[in-house]
> 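Please find one structure pasted underneath; my questions will follow.
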2 protein chains.
Amino acid sequence: MDRTVALSLPPLLLGLAADLVRGIDERVRAQGFEDLRPAHGFAFVRLAPDGAGVGELAEHLGVTKQAASQMVEELVRKGYVERRPHPDDARARLVVLTERGWACTRAAEEASAEAVRPWAEALGEQRLRALRDDLLKLAPSGRLRPIW
Amino acid sequence: MDRTVALSLPPLLLGLAADLVRGIDERVRAQGFEDLRPAHGFAFVRLAPDGAGVGELAEHLGVTKQAASQMVEELVRKGYVERRPHPDDARARLVVLTERGWACTRAAEEASAEAVRPWAEALGEQRLRALRDDLLKLAPSGRLRPIW
DNA sequence: ACAGGATCGTCAAGGAGCTTGACCATATAG
DNA sequence: CTATATGGTCAAGCTCCTTGACGATCCTGT
């Protein structure tokens, strides 16, 4: 395969990803959530549906349980989540979003849509959909972790 | 524009970017460069052509001069770069790759090509080229910085 | 029923990588 | 030829992550 094409992809993709993260982060902060960083957004993704345990959150973020526990402690202190006793397991605790946590999640969703909007203008709806389909085929793992 | 498409793009793109970084990093390390992290690769990108000053490197990475200076110090200690006096400015120093630095750069290039190879198989050469063209239109800024 | 081991989560200490603030040396402008 | 701007470093501190140790609760085999 064409090596020139192959070698041009990583910088383009990583640059675009960095721009995207920055764009979303700025908008979310502008909505009044200035005490949050992008990493917190990745946590919310896991916590949003039904809550999760600290271990599950750690697995999702790709960090140790201790690190996840510390992040939860921070989010509790800032009022975005709360720890509840797990219904079936007295060892475990279920970390769930508070109302403020949900408000932030909605703001992040809106921010994402706005950050992507210029792409629709640049590519057209059709190619944007094709882009989505292509990315879907490349099957990224569920893990959303800031590795670099 | 279709909100569903818009909202599906960020996780896909970020997940793929994370996978890509991990894939390249693993291959580079496997080639014997175990004392380097992805962030060093971004530095090499800026240093490779003709070297650069600490300030320029800092700008490229999106960190303070002090942070860039510390990274240079680390790379000097590990033998990947060296500091030379700047020909025209006695204040400045030119940071350039050593032979080992160039070897690593070549290894990273090869690693990138290999990490992308599965994409060509999944999409076909034509759509991969279209993907490249689309990403090019979305004009990411030159900055390659791990923000999240 | 219960001993042995696995699992959930936290506490504590330490380290890597970044920041801010202060500072020299040199370059450039008025 | 002072006055200010710029390139780079030194030092201290902060943030987020890690490893290690631990108590509490669960599960499994006998």
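Within every chain, numbering begins at 1; the chains are lettered A, B, ... in the order of the sequence lines, protein sequences first and strands thereafter. Heavy-atom basis, side chains included; hydrogens, waters and symmetry copies ignored.
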> Going 5' to 3' along nucleotides 22-30 of chain C, which nucleotides have protein heavy atoms under 4.0 Å from the base (write B), which only from the sugar-phosphate (write S), and which from neither (write -)?
---BBS---
> Between A:Leu94 (CG) and D:dT25 (P), how many Å, whole number?
18 Å
> Any side-chain heavy atom of B:Glu82 sitting closer than 4.5 Å to one from B:Val76?
no
> Mapping A:Ala92 and A:Glu73 onto DNA chain C by nearest heavy atom, which one lands closer to the 5' end?
A:Ala92
> Does OP1 or OP2 of C:dC18 have a side-chain N or O of B:Thr64 closer than 4.0 Å?
no
> Output the rounded distance in Å from CG (B:Asp35) to P (C:dA16).
14 Å
> From CD of B:Glu74 over to P of D:dC10, roughly how many Å is that when rounded to an integer?
15 Å
> Nearest nucleotide by nearest heavy atom, which residue falls closer to the 5' end of DNA chain D, A:Ala67 or B:Gly53?
B:Gly53
> 5'-most contact on DNA chain D: A:Gln70 or B:Val54, nearest heavy atom basis?
B:Val54
> Indicate whether OP1 or OP2 belonging to C:dG9 is found under 4.0 Å from a side-chain N or O atom of A:Arg83.
no
> Mind calculating the distance between CG (A:Leu57) and P (C:dC8) to the nearest angstrom?
14 Å
> Quick one: A:Phe42 CZ to D:dC16 C1', roughly how many Å, whole number?
16 Å
> With the side chain of A:Lys65 defined as its heavy atoms from C-beta on, choose the nearest nucleotide among C:dG9, C:dC18, C:dA13.
C:dG9
> Does the side chain of A:Ser69 get closer than 4.0 angstrom to OP1 or OP2 of C:dG9 through an N or O atom?
no
> Is there a side-chain contact between A:Arg37 and the phosphate of D:dT15, meaning an N or O under 4.0 Å from OP1 or OP2?
no
> Under the side-chain contact (heavy atoms from CB on, under 4.5 Å) test, which residues partner B:Glu114, sequence neighbours left out?
B:Arg27, B:Glu110, B:Arg117
> Tell me whether B:Glu99 at atom CD has more than 12 heavy atoms from other residues, nucleotides or ligands lying less than 6.0 Å away.
yes
> Please enumerate all residues that pass salt bridge (charged side-chain N to carboxylate O under 4.0 Å, His left out) together with A:Asp35, with sequence neighbours excluded.
none
> Starting from C1' on C:dA16, measure out to NE2 on B:His40 and report it in whole angstrom.
11 Å
> Closer than 4.0 angstrom, basic N to acidic O: yes or no for B:Asp19 and B:Arg22?
yes
> Would B:Glu73 and B:Arg83 pass as an ion pair if we require N to O under 4.0 Å?
yes
> In Å, rounded to the nearest 0.5 Å, how long is the span from OG of A:Ser69 to CG of A:Leu57?
9.5 Å
